[in-house]
Trainee: 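Structure incoming, see below.
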Amino acid sequence: MKHKKINLLLSFIKGNRRNYIIAILFMILATMTSLINPLIIKLAVDSVIDKQPVSLTGVFLSMFNNIGGRDVLINNLWILGCLLILISVFNGIFNFLSKKYIAIVSERTAKNMRNKLYDHIQYLSYSYHVKVDTGDLIQRCTSDLDKIRRFISQQLMEIIRALTLISTALAIMLSLNVNLSIVSFVVTPIIVFVAFKFFKFIKIKFKETDEAEGKMTTVLQENLNSMRIVRAFAKQDYETDKFNKASKKFKETDFVVSKLMAWYWGATDFICDVQLGAILILGTVWATKGLLTIGTLLAFMAYSHNMIWPIRNLGRVLADMGKASVSLNRISEIFDEIGEDIDLESGLTPKINGEISFDHVSFEYEEGKPVLNDVTFHIEKGQTIAILGGTGAGKTTLVNLLVRLFDVKSGAVTIDGINVKDINRKWLRKKIGIVLQEPFLFSRTIKENIAFSNYNATEEQIESACRVASIYNVIRHFDKGFDTMVGEKGVTLSGGQKQRVAIARTLLNNHSILIFDDSLSAVDVETDAYIRDQLKKNLHSTTTLIISHRISTLKQADKILVIEKGMITQQGTHYELIREQGLYKEVFDIQSSLQSDTTKGGETRE
Ligand code: DUT
Ligand code: MG
């Protein structure tokens, strides 16, 4: 599992490894140059101002002598001052370069991660999307991703910096004075230990905070999506209350984390101050006894001071690493979900004529709750089939099985004699056009919404699809015609208009099989008849499945299937079915009596 997560992490920085290494190298250089200054101060105090022997070796000693040694430097202390500035300049340059490269890595990695995740989510099975909590998924794609980005670009760098700093400083300090080094480093393990314990503990709290945040996002998102219904039922107070609860829960868990953080900072602050005090006291005592030089004491104070922040920060970085590791888990959970389109490129891609067979098909969404039960029927190529059934009878489910949004539990669905399980899903969905029961329009222009099914469609094709769907005149009367925006930033279409745009979208492709899942329910009877008439003229060889509750629609079909509680209870033509006792005749009787009532009342349009 650990191994897999590391691989995932590595895959995110793929292509950026060189920049990453450059950034790390510059950071190591910057850290090291920052450690030179205390040594120069020591040199100035001990060997230039005071007359102690120079503790330099090799190149540094010859450099010192070349400048003119102590005699020149004591009269020209500015040279050492310039040296300090020069080192700071180098330090600045290295820091800048390191930050520049890490910024490149950070942005590219973030882009990599986002694209990879988005891509994966696009291909996850429909059943995954049905069960997943959208708010939670959004959070994983945004704040969890950001935590991993921060881990790669900041925390990991911080850890490497702290390690470089501690090890180099320790080496220098040991070479200067062993006893004072021990004093200086005695609390470091304590701080690291405290930090580590703290980090393990707070990880659980972070998870709780994340979950609370996810819940809050879900409530918010659901509320924004359902604003109409909330208003229609005057449920604002209830919704506000619900959000307040979620928000309170988030506040509380987040507050606990903040409190723990404050405790951590306070405690480590105290330990660090005690350490500085100990160095100062013992250092002064030892210096007065001549056990160490003033310059060494100054250098130690400088080093200890330099190290306080990185060591203490190590705790925070470790804690943040906890967050990143939780986030990485949450993201790898998504990657663990196997996409339905693992077989995207596999499977047959036969020419599809449109002959459909359901052979003893059974299906259930949840174990033990059958939705379709032993469904068997046959449709010839080019036929128009109508399906009637009460709500929840399983009509949409039947269609879902045909395009393999779900796979059958037992039995077989075949098209032209080929089991759909053997057909490539992408191919299958390209050949079967569906107008969904609840058409969804994007917040884009009408044209983009229609061309969604086929970006290569020409203007003429779009217009002619709109004519068949009987929406052309409506669109033409909008100010910007086909370029009118739909949704939040543009026009709000009526239910029937949306359905017709959705029909046009589906018609844009040449399908061998067309399915209308209750897609004309919001359109008046005349327009319904007009559209069906147009379809018949344009699509004579296309097999058409129409789910509807209108007898006027159903009766024109070559065959009608009546489905009740997941079972086909009647099949036949209109004239056959009105002679049988059953749901069809009941619906027919009700609708014809309504019709004659309204005719008697003179309320029809004609
Ligand atoms: N069902 C699920 N999970 C789903 C979809 C549906 O459990 O993801 C259940 C609800 C219902 C049954 O399956 O009890 C059949 O649903 P379907 O959507 O197929 O019903 P329908 O005939 O299309 O009903 P409607 O006329 O309301 O669209
Ligand atoms: Mg349905």
Side-chain angles (χ1 to χ4, degrees), residues 121 124-134 136-137 218 222 225-226 229 337 339-340 356 358 360-377 379 384-411 413 420 425 429 432-441 495-496 498-500 502-503 505-506 513-523 528 544-554 557 559-571 577 582-584 586-588 590-591:
I121 289 173
L124 282 180
S125 70
Y126 181 67
S127 44
Y128 172 78
H129 286 289
V130 170
K131 68 169 195 243
V132 81
D133 180 341
T134 319
D136 185 62
L137 196 59
T218 307
E222 220 174 64
N225 283 344
S226 62
I229 186 161
E337 289 285 336
E340 65 168 0
I356 301 170
F358 271 61
H360 299 287
V361 169
S362 296
F363 176 77
E364 56 195 27
Y365 289 102
E366 283 168 62
E367 202 61 34
K369 289 187 189 157
V371 172
L372 289 183
N373 205 342
D374 200 23
V375 170
T376 300
F377 63 88
I379 308 173
T384 298
I385 297 295
I387 302 175
L388 171 73
T391 172
K395 305 179 295 295
T396 302
T397 306
L398 202 110
V399 169
N400 288 344
L401 294 183
L402 192 60
V403 288
R404 286 188 70 198
L405 280 177
F406 298 91
D407 278 327
V408 298
K409 185 176 162 239
S410 64
V413 179
V420 286
R425 281 184 215 252
R429 290 173 196 166
I432 304 179
I434 306 188
V435 185
L436 299 175
Q437 186 164 16
E438 288 146 16
F440 179 85
L441 298 186
K498 270 192 207 159
Q499 285 188 337
R500 282 179 283 161
I503 293 175
R505 172 199 286 166
T506 304
I513 298 170
L514 263 182
I515 300 166
F516 297 88
D517 189 353
D518 222 355
S519 331
L520 292 166
S521 57
V523 175
D528 182 348
T544 313
L545 262 80
I546 302 180
I547 297 173
S548 175
H549 295 106
R550 279 190 191 143
I551 293 292
S552 57
T553 306
L554 297 161
K559 185 160 43 171
I560 299 160
L561 304 177
V562 178
I563 173 163
E564 290 171 82
K565 292 195 182 130
M567 279 186 279
I568 304 253
T569 48
Q570 291 179 285
Q571 317 197 14
L577 293 185
L583 182 68
Y584 191 84
E586 282 168 33
V587 174
F588 173 73
I590 293 169
Q591 289 190 10

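We count ligands from 1, going down the list as the structure has it; atoms in each ligand are counted the same way.
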Trainee: Just by distance, no angles: are the side chains of Thr553 and Asp528 close enough, under 3.5 Å, to form a donor-acceptor pair?
Mentor: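 Asp528 and Thr553 do have a side-chain donor-acceptor pair below 3.5 Å.
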Trainee: Counting N and O atoms only, with roles assigned by atom type, does the side chain of Gln591 sit under 3.5 Å from a partner on the main chain of His549, one being a donor and the other an acceptor?
Mentor: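 Checked: pair present.
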Trainee: Under 2.8 Å from the Mg ion (ligand 2), how many protein N/O/S atoms can be counted?
Mentor: 2
Trainee: Among Thr397, Leu402, Ile568, Leu401, exactly one meets side chain to side chain contact (heavy atoms under 4.5 Å, CB included) together with Val361. Which residue is that?
Mentor: Leu401
Trainee: Report the relative orientation of the aromatic rings in Phe588 and Tyr584; use parallel for angles under 30°, tilted for 30 to 60°, perpendicular for over 60°.
Mentor: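 The arrangement is parallel - the two ring planes meet at less than 30°.
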Trainee: Hey, can you tell me if Phe406 and Tyr365 have their rings parallel, tilted or perpendicular (30° and 60° cut-offs)?
Mentor: perpendicular
Trainee: Sub-3.5 Å donor-acceptor pair from the side chain of Thr376 to the main-chain atoms of His360, do we have one?
Mentor: yes
Trainee: Between Asp517 and Lys395, is a salt bridge (Lys or Arg N to Asp or Glu O under 4.0 Å) present by the stated rule, with each step listed?
Mentor: CA-CA 8 Å; Asp517 189 353; Lys395 305 179 295 295; over 6 Å; no
Trainee: What distance do Leu137 atom CG and His129 atom NE2 have between them, rounded to the nearest 0.5 Å?
Mentor: 7.0 Å
Trainee: Could you verify whether a donor N or O on one side chain and an acceptor N or O on the other, from Ser519 and Gln499, lie under 3.5 Å apart?
Mentor: no
Trainee: Ligand 1: which residues have a non-hydrogen atom closer than 4.0 Å?
Mentor: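 Residues within 4.0 Å of ligand 1: Val130, Tyr365, Val371, Gly390, Thr391, Gly392, Ala393, Gly394, Lys395, Thr396, Thr397, Gln437.
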